[in-house]
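Have a look at the structure below, then the notes.
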Amino acid sequence: MQYWLMKSEPDEVSIDDALAAAGSTVPWTGVRNYQARNFMRDQMRVGDGVLFYHSSCAEPGIAGIAEVASTAYPDPTQFDSGSPYFDPKATRETPRWMLVDVRALRKTRLLTLDQMRAIPELADMQILRRGNRLSITPVARHEWECILQQLS
DNA sequence: GCCAACGTTGGC
DNA sequence: GCCAACGTTGGC
């Protein structure tokens, strides 16, 4: 069992959107970074814990708890020439981009970036590092437990 | 909308 | 395989 933080722009898919989806489950489309892809493809297991993070918005922070709901499979948007995530170099025979399904479990109060920075146990979180842009990052067990405690 | 950080691209 | 140019991310 591993833990992850996954960024989503709430204008695209918020925690409310995910909870409202069929089965509270959404495909994590649009990841176009190899490191983030590799986490999904190589390391995620069904049942892994997910911190659902709202980014590029007025109040960035952790907005809910989710879990990994599938193993990795090709992101269909890479094949769709009408999609902003279209990748002309990807083919169905050799897809480039993979995704997992994510099941939202509950909305939490917003744990803001500022609040996270103020918690010493979270000081080493990748999301808090300067210049961090990765949309999917591993979360240490002690960080996960600390955050769940904060949100309870 | 600014801009620092950093990933990707492509000429050499 | 180096590295400058360029594009993107994402907090502010």
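When reading the values below, keep in mind they use all heavy atoms of this one structure, side chains included, and skip hydrogens, waters and symmetry mates.
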Verify the neighbour count for atom CD of A:Gln126: are there more than 12 heavy atoms of other residues, nucleotides or ligands below 6.0 Å? yes

Assess the side chains of A:Asp114 and A:Thr112: does a donor N or O sit below 3.5 Å from an acceptor N or O? no

Can a donor-acceptor pair be found, under 3.5 Å and without considering hydrogens, that links the side chain of A:His54 to the backbone of A:Ile15? yes

Between A:Asp101 and A:Tyr73, do the side chains contain an N or O donor and an N or O acceptor separated by less than 3.5 Å? yes

In whole Å, I'd like the distance from the CG atom of A:Leu5 to the C1' atom of C:dT9. 15 Å

A:Trp97-A:Tyr34 aromatic ring centre distance below 6.0 Å: yes

Atom-to-atom span, CD1 of A:Ile127 to C1' of C:dG10 - whole angstrom: 9 Å

Quickly work out the A:Asn132 CG to C:dC12 P distance and round it to whole Å. 12 Å

In whole angstrom, what separates A:Gln35's CD from C:dT9's C1'? 14 Å

When the distance from OH of A:Tyr34 to P of C:dT9 is rounded to whole Å, what number comes out? 14 Å

Can A:Arg129 and A:Asn132 be counted as having a side-chain donor-acceptor contact under 3.5 angstrom? no

Any protein N or O atoms within reach of nucleotides 5-8 of chain C? Criterion: under 3.5 Å, listing atom names and distances.
residue : atom : partner  : partner atom : Å
C:dG7   : N2   : A:Arg133 : NH1          : 3.4
C:dT8   : O2   : A:Arg133 : NH1          : 2.5

A:Arg117 CZ to C:dG11 P: how many Å, rounded? 9 Å

Looking at A:Lys7, does any N or O in its side chain come under 4.0 Å of the phosphate oxygens OP1/OP2 on C:dT9? no

Measure CD1/A:Ile62 against P/C:dG11 and give the value in whole Å, please. 12 Å

Integer-rounded Å distance: C:dT9 C1' and A:Glu9 CD: 9 Å

